[in-house]
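What follows is a set of notes on a single structure, which appears directly below.
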Amino acid sequence: MDAPSRQKALFSFDNSFVRLPERFFARLDPTRVASPQLIKFNTQLACTLGLDLQGLASADLARIFSGNEVPAGAQPLAMAYGGHQFGGWSGQLGDGRAILLGEVIGKVGARYDVQLKGAGPTPYSRSGDGRAALGPVLREYILSEAMQKLGIKTTRALAAVLSGERVRREDSLPGAVFTRIARSHIRVGTFEYFAHQQDYDGVQILADYVIARCYPQAAKADNPYLALLEAVIKAQAELVASWLQIGFIHGVMNTDNCSVSGETIDYGPCAFMDQYAVDTVYSSIDHMGRYAYGNQRPIAQWNLAQLAQSLLQFLGETEDEAISAAQQAISGYLPLIDGLWLSGMRQKLGLIEERDGDKALIDELLDLMEQNSADFTLTFRTLSELSGGKGKADQAFGTLFRFPASIEGWLAQWRERLAQEASLDGERIKRMKATNPAFIPRNHLVEEVIKAAHEGDLKPFERLNEVLANPYEDQPDAAHFARPPKPEEVVRATFCGT
Ligand code: AMP
Ligand code: MG
């Protein structure tokens, strides 16, 4: 088969972003790498995207997903955006090392971006080299796919390729290219980019594009732009509530890392927390704890307020009307996320009905977990398996707490509450295990994988992905992956690695 026809068979691109005005992006090809070598290709995702892989060898995939061979129909570009970083306006940012190849329509009719990350410098690279190191690429692969399997909205990992080049960070590291799939790469910072230049035509064109692509129902509203804002608020409330319920800390919730489609995006120094503490921070650059676990709820609202500000011109007939509509929409966020959080936490406790004391019961458990340095994931997983009456397993549950006796009173209250809705153990345990995972990408496991990969061994990477593909299943031969880190294994800081 000759090269062009093989390429044609792989992607059927349908590129819409490139049809927007030229100031929205810079067109350029990826920069070639020295000797691409495939690390991983996500065949299942390729199938969801409707890609035809027949006849492709791993060397072909390596060439395409390193950027060395631009597939037929691709119209490569780097997107322009701005953003608030750690609360301050940074001005223009943009894809400094990512190149959008184009868009494909997946099997169920959804549109997806196909983007290479680490594909070389762009006009938005500023002082960066446009490249990515192997460690962060493996990290994003593992975490984004794990999030998907946990049922959380996220960008996806289609491929990881070694570049055969070194990248200079603090050390010299192996380079890699990551292929990211997203429902859209448009960020709150994309809206801010135009609004801060008072390019209101740009804001409107972008808003119309996002409505058509992500929120078509908003087009039917009296004010489609207000409906867009409300839809993004809802999507972010759902996303952040789901992070809180799984113990995920994004780490860099800058507005340029806040997707308007409501997907988790830009996996940098993100981490799953081991011991529960609301002020947990892993990111080495988050000195003030702005993006600590417990701050994610208000920070998302702050980000959404920047979106509202960018859309302000379009939210009402008069300035007063627009401000009042924006304020009303933004103030709807907290009740929304709090309601989602409460219903999700009820599920984690195995409760179906809604009762007045539920929030107090949940808060009390979380307080006890925090005071006793209990492991977040293991606490809920082990609780899932307890019976509705006192039993032997209570002891194992108690050992998750520094002072096991301190949890006895709470367990009795929980059982009383289960009895109030005539909960049946078998069904309740099944439900709880389907919402409280056994396996999350714990930091020390991810670090182990990266360390092995640096020594040329990718087997631990494969195995971790395999275990994380079924996070809610008991996997008796994977006990090592369910346990929290030993004191000497604890990872205290994570790095962007950019
Ligand atoms: P991040 O902190 O990864 O969200 O990135 C913030 C900004 O820095 C974005 O505009 C990125 O495109 C840019 N950036 C990050 N790493 C690099 C790099 N190695 N080369 C060029 N630009 C980068
Ligand atoms: Mg970013």
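From a predicted model like this one, the values you see are computed outputs, not experimental measurements. In listed order, ligands and their atoms are each counted from 1.
Distances shorter than 4.0 angstrom occur between a heavy atom of G130 and an atom of ligand 1. For D266, the heavy-atom gap to ligand 1 drops under 4.0 angstrom. For the ligand labelled ligand 1, residue Q92 lies outside the 4.0 Å heavy-atom shell.
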Evaluation steps, side-chain hydrogen bond (donor to acceptor under 3.5 Å, both in side chains), between Q296 and H250: CA-CA 8 Å; Q296 299 186 110; H250 181 283; over 6 Å; no
Apply salt bridge (Lys or Arg N to Asp or Glu O under 4.0 Å) to the pair D129 and R131, showing each step before the final yes or no. CA-CA 5 Å; D129 61 1; R131 293 301 188 190; over 6 Å; no
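Between F41 and F65, the ring planes lie tilted relative to each other; the angle falls in the 30° to 60° range.
The N/O atoms of D95, backbone and side chain alike, include none that comes under 3.5 Å of an N/O atom in ligand 1. Backbone and side-chain nitrogen or oxygen atoms of R131 are examined, and one is located within less than 3.5 angstrom of a nitrogen or oxygen of ligand 1. Every N/O-N/O distance between Y124 and ligand 1 stays at or above 3.5 Å.
A heavy-atom distance below 4.5 Å is found between the side chains of I330 and L304. Using a 4.5 Å heavy-atom threshold, the side chains of F248 and I440 count as separate.
Heavy-atom proximity to G94, at under 4.0 Å, picks out these atoms of ligand 1: 9 (C), 10 (O), 11 (C), 12 (O). Within ligand 1, counting atoms from 1 as listed, the ones closer than 4.0 Å to a heavy atom of N257 are 4 (O). Short contacts between ligand 1 and L93, defined as distances under 4.0 Å to a heavy atom of the residue, involve ligand atoms 10 (O). Interface atoms of ligand 1 facing R126, defined by a heavy-atom separation under 4.0 Å, are 7 (C), 8 (O), 9 (C), 10 (O), 13 (C). The Y81 neighbourhood of ligand 1 comprises atoms 9 (C), 10 (O), 12 (O), with distances under 4.0 Å to a heavy atom of that residue.
Defined by atom type and a distance below 3.5 Å, a donor-acceptor pair is missing between the side-chain atoms of N303 and Q236.
A 6.0 Å sphere centred on CD of E462 holds more than 12 heavy atoms belonging to other residues, nucleotides or ligands.
Under 2.8 Å from the Mg ion (ligand 2) lies an N/O/S atom of D266, whether from backbone or side chain. Among the backbone and side-chain atoms of N254, no N/O/S atom is found under 2.8 Å from the Mg ion (ligand 2).
Heavy-atom proximity to atom 6 (C) of ligand 1, evaluated over M79, Q85, K117, is greatest for Q85. Which of R169, R97, R187 comes nearest to atom 14 (N) of ligand 1 through a heavy atom is settled by distance: it is R97.
At a threshold of 4.0 Å, the pair R187-E192 does not count as salt-bridged, since none of the basic side-chain nitrogens sits closer than that to a carboxylate oxygen.
Partner D266 forms a side chain to side chain contact (heavy atoms under 4.5 Å, CB included) with one of E140, H185, R180 and no other, that one being R180.
The heavy-atom pair separating V161 from I39 by the smallest distance is C-CD1, 3.9 Å.
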